[in-house]
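Every chain is numbered from 1 and lettered A, B, ... according to where its sequence line falls, protein lines coming before strand lines.
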Amino acid sequence: MALLKNLIPHNSALSLIDNSTSLRQALQIHAHLLTSGAFTHDPSSFNSFLSSLALSSSPPLLSYSHSLLFTSPPQPPSLITVNSLIRAHSSGPSPNLCFSLYRHLLSLSFSPNHYTFTFLLRAAASCGGLLGPAIHGALARFGCDTDRHVQSSLIHMYSSVGLVSHARVIFSDIIDPDLVTITSMLTALAESGDVDSAWEMFDEMPERDTVSWNAMIAGYVHLGRSKDGLDLFGDMLNQGAKVNESTMVSVLTACAHLGALDQGTWVHAYIQKNRLKLNVTLGTSLIDMYSKCGSIERAMKVFWSMKEKNVFTWNSAINGLATNGAAEECLKLFELMERQGVIPDGVTFVGLLQGCCVAGFVQKGREIFSLMKDRYRIEPLHEHYGCMIDLYGRAGKLDEAVQFIHSMPIEPNVSAWRTLLHSCKMYNNVELGEYAMKEITNIEVNNDGAHVLLSNIYADNRIWKGVSSVRERMKEKGLRKEPGCSVIEVHGVVHEFFVRDKSHPRYREIKLMLGEVDRRLRLAGYRANTKEVLFDIEEEDKEDVLSWHSEKLAIAFGLVVLEEGVEIRIVKNLRVCWDCHHWTKFVSKTFDRKIVKKLYRTSKEQNLPLSSIHQRTFNIDALKEIHDSLHSKAYFRKLLVNSLI
DNA sequence: ATAGGGTTAG
């Protein structure tokens with residue numbers, strides 16, 4: 001035994017500790033260090049031991065290290081040791097422990113330093129709490145407010161608690177801001193919604209690195225300006241900036257929002273070609289991109305290939321299956337998730353409930369809802385209640401939907417009533433629709449979507465008085481229907497069409513194609529259904545109103561430019577009207593095309609067009625080329641050059 | 001024997 005002790009000097013014992021070390025192993029190492037006399041021989045080694053445990057990024061070891069601080073140590077802890085513990089907690093599961101450690105540190109009569117405060121600020125940012133300003137005061141007292149690391153952490157903290165103006169003040173006090181502080185300010189601006197100011201800052205930066213590019217791209221993508229994000233990514237490659245995993249995550253998110261499968265596929269190939277590490281986050285983004293672009297098979301292929309998965313990964317797959325109509329598989333995957341001991345969260349249940357909803361599994365949906373509350377102790381949020389209302393509503397169980405709303409322990413929000421209103425539209429229930437509308441206007445007077453829905457319900461039931469009175473009301477309130485917008489990606493380029501949009505450079509061909517479609521559909525027995533048109537008619541010229549809907553323009557464009565047999569994928573911001581749905585089915589059959597439509601809309605994007613620029617025509621030949629020869633930056637550059645033509 | 005900015009799901 002004595003021999004063994006000599007064989008393992010304590011510094012190698014410490015280097016044994018990493019995040020795979022179990023608590024049991026840590027205890028053994030601790031015992032070894034104690035019995036070998038390491039701590040008495042070299043008192044500072046106790047501090048090293050505590051730090052190693054804290055920095056192992058393993059929560060149990062961190063707790064153990066934390067508790068040892070309060071036993072009678074062979075030597076008082078050093079400032080560095082306490083700092084290490086604070087640092088570990090700041091990015092660990094309980095960041096609020098940082099603050100009690102800080103008090104402990106003061107009670108030991110230490111003076112906290114810059115290190116201490118950067119960690120504390122990080123903790124305050126992630127707690128989202130009110131402690132940030134207090135820490136700001138404290139660090140000023142200790143004279144740490146001129147330290148760059150502290151300054152950028154302050155900006156980050158104020159931004160994360162929603163106080164951009166404070167972040168601005170900090171920034172303006174920095175005499176000579178560097179790359180990092182500018183990036184941190186840029187991010188703060190973007191997160192506050194002021195992406196244009198962020199851009200200004202980015203544009204004027206004397207130098208940029210990968211992180212600043214990433215911050216700007218992410219800023220656009222988060223605000224729903226995905227197309228701008230992709231364009232900026234193009235610029236990034238063009239300028240030869242180094243791209244990394246984070247870049248790709250944002251770019252894939254943009255592709256997912258735009259339904260840009262070709263670009264997403266290109267990014268996937270780029271990742272492989274450039275040996276970027278397919279970490280959990282990146283893998284999850286890929287799953288999400290593929291499933292949002294309608295390619296659930298490829299999404300699941302990525303899912304199964306991933307060795308490490310977290311709850312995000314599972315949620316993306318479950319959600320993808322649900323929204324792609326694979327409810328059975330979605331429920332099966334959830335069972336597997338449970339068997340593998342992954343704890344589901346609220347988002348998991350949104351996916352599961354949506355799966356049940358589209359498949360019409362009412363009873364299963366009820367069970368899932370109870371499982372969430374009773375077994376997993378997850379308090380349902382508006383989203384979950386919304387799914388349940390939709391579940392009943394779509395299944396035609398309107399009474400149950402209403403009862404469910406009335407039994408909600410939280411105040412139903414606008415979207416709860418709107419979901420009900422939507423079911424009323426599906427099942428022609430005027431009376432209940434009026435009731436839902438009343439509730440909606442009690443909460444929010446100006447809801448354009450709800451007005452349009454109610455008007456359509458009246459129109460369906462030929463209650464013209466109702467139609468005109470809703471229209472009147474909208475006019476009074478100055479409400480306008482949000483313009484419909486559809487995007488289609490063709491050979492890696494996103495094209496955007498608004499309702500009644502004539503601005504596309506190939507509009508003539510589109511119009512001709514619409515005529516051709518019209519002719520062939522008539523032969524096939526299609527008759528336009530005008531009952532949902534009424535809303536648009538007053539601003540309309542005599543031309544065929546229905547053919548102006550944005551998805552028809554987009555599909556016609558797809559027919560013009562896409563090779564035969566290539567599927568047409570459309571992403572739309574508003575509900576697809578009955579006629580368009582019907583029309584699409586006919587086109588799909590008559591032209592023998594697979595057509596996939598997705599509804600995509602986030603609250604952030606509500607009043608924004610899906611992008612600001614369209615009409616860019618890249619000249620790529622076929623998707624397979626993307627896989628074969630185009631794995632390089634040069635390829636993307638080529639796209640951009642072509643786009644300028 | 002410790003620092004700052006960027007990345008995922010509804």
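Residues A/L154 and A/I135 fail the side-chain proximity criterion, which asks for heavy atoms closer than 4.5 Å.
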Discussion item. Run A/W213 and A/F233 through ring pair (Phe, Tyr, Trp, His ring centres under 6.0 Å) and show every step you take.
Written reply: CA-CA 8 Å; A/W213 280 99; A/F233 172 59; 9.5 Å; no
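Between the side chain of A/S153 and the base of B/dG4, no donor-acceptor pair under 3.5 Å is found. Counting distance only, with no hydrogens placed and no angle test, the side-chain atoms of A/D178 and the base atoms of B/dG4 include a donor-acceptor pair under 3.5 Å. A donor-acceptor contact under 3.5 Å is not formed by the side chain of A/D147 with the base of B/dG4. Judged by atom type and distance alone, A/S184 does not reach the base of B/dG5 through any side-chain donor-acceptor pair under 3.5 Å.
Contact annotation: A/H257 does not reach the phosphate of B/dT8 (side-chain N/O to OP1 or OP2, under 4.0 Å). Between A/R87 and B/dA3 there is a side-chain N or O to OP1 or OP2 distance below 4.0 Å. In this model, the phosphate group of B/dT8 is not approached by any side-chain N or O of A/K292 to a distance below 4.0 Å at OP1 or OP2. Using a 4.0 Å cut-off, some side-chain N or O of A/S48 falls inside it from OP1 or OP2 of B/dA1.
A salt bridge links A/E367 and A/K364; the closest N-O separation between the charged side-chain nitrogens and carboxylate oxygens is under 4.0 Å.
Each of B/dT7, B/dT8, B/dA9 was ranked by its minimum atom distance to the side chain of A/S246; first place goes to B/dT7. Of all nucleotides listed (B/dG4, B/dG10, B/dT7), B/dG4 comes nearest to the side chain of A/T118. For A/N244, whose side chain is taken as the heavy atoms from C-beta onward, the closest listed nucleotide among B/dA3, B/dG5, B/dG6 is B/dG6. Of the candidates B/dT8, B/dG5, B/dG6, B/dG6 carries the atom nearest the A/A215 side chain, counting heavy atoms from C-beta on. Across B/dT7, B/dG5, B/dG4, the shortest atom-to-atom separation from the side chain of A/V211 is found for B/dG5. Among the nucleotides B/dT2, B/dT7, B/dA9, the one closest to any side-chain atom of A/V249 is B/dT7. Here the side chain of A/A218 is nearest to one of B/dT2, B/dG4, B/dG6, namely B/dG6. In the set B/dG4, B/dT7, B/dG6, the nucleotide with an atom closest to the side chain of A/R122 is B/dG4. Counting only heavy atoms from C-beta on, A/N310 has its side chain closest to B/dT8 among B/dT2, B/dT8, B/dG6. Each of B/dG10, B/dG4, B/dT7 was ranked by its minimum atom distance to the side chain of A/R148; first place goes to B/dG4.
The aromatic ring of A/H149 is not stacked on the base of B/dG4, since the criterion of ring centres less than 5.5 Å apart with planes inclined by under 30° is not met.
No close placement of the A/H136 and A/H166 rings is indicated, their centers lying 6.0 Å or farther apart.
Distance, A/I271 CD1 to B/dT8 P: 14 Å, rounded to whole Å. When rounded to the nearest whole Å, the span between CG of A/L321 and C1' of B/dG10 equals 15 Å. Here the C1' atom of nucleotide B/dT2 and the CG atom of A/L62 are 14 Å apart, to the nearest Å. Atom CD1 of A/I135 is separated from atom P of B/dG4 by 15 Å (rounded to the nearest Å). For the pair A/M157 CE and B/dG5 P, the computed distance is 13 Å after rounding to whole Å. Atom P of nucleotide B/dG6 and atom CD of A/E207 are separated by 17 Å, given to the nearest angstrom. Protein atom CZ of A/F312 is 11 Å distant from nucleotide atom P of B/dG10, rounded to whole Å. Here the C1' atom of nucleotide B/dA3 and the CG atom of A/L85 are 16 Å apart, to the nearest Å.
With A/N274 contributing its side chain and A/L276 its backbone, the two residues share no donor-acceptor pair below 3.5 Å.
Among the protein residues, A/H114 comes within range of the nucleic acid bases, having at least one heavy atom under 4.0 Å from a base atom. Nucleic acid contact for A/T181: base, since at least one base atom lies under 4.0 Å from a heavy atom of the residue. Across all strands shown, A/L121 has no heavy atoms under 4.0 Å from either base or sugar-phosphate atoms. If you check every strand for non-hydrogen atoms under 4.0 Å, A/N83 touches a base. No contact: A/F117 has no heavy atom under 4.0 Å from any strand. Residue contacts for A/Q151: at a heavy-atom cut-off of 4.0 Å it reaches no nucleic acid atom on any strand shown. Across all strands shown, A/D345 has heavy atoms under 4.0 Å from base atoms, whether or not it also approaches the sugar-phosphate.
Geometrically, A/R87 does not engage A/Y115 in a cation-pi contact defined by less than 6.0 Å to the ring centre and at most 45° from the axis.
A/Q340 CD: more than 12 foreign heavy atoms inside a 6.0 Å radius.
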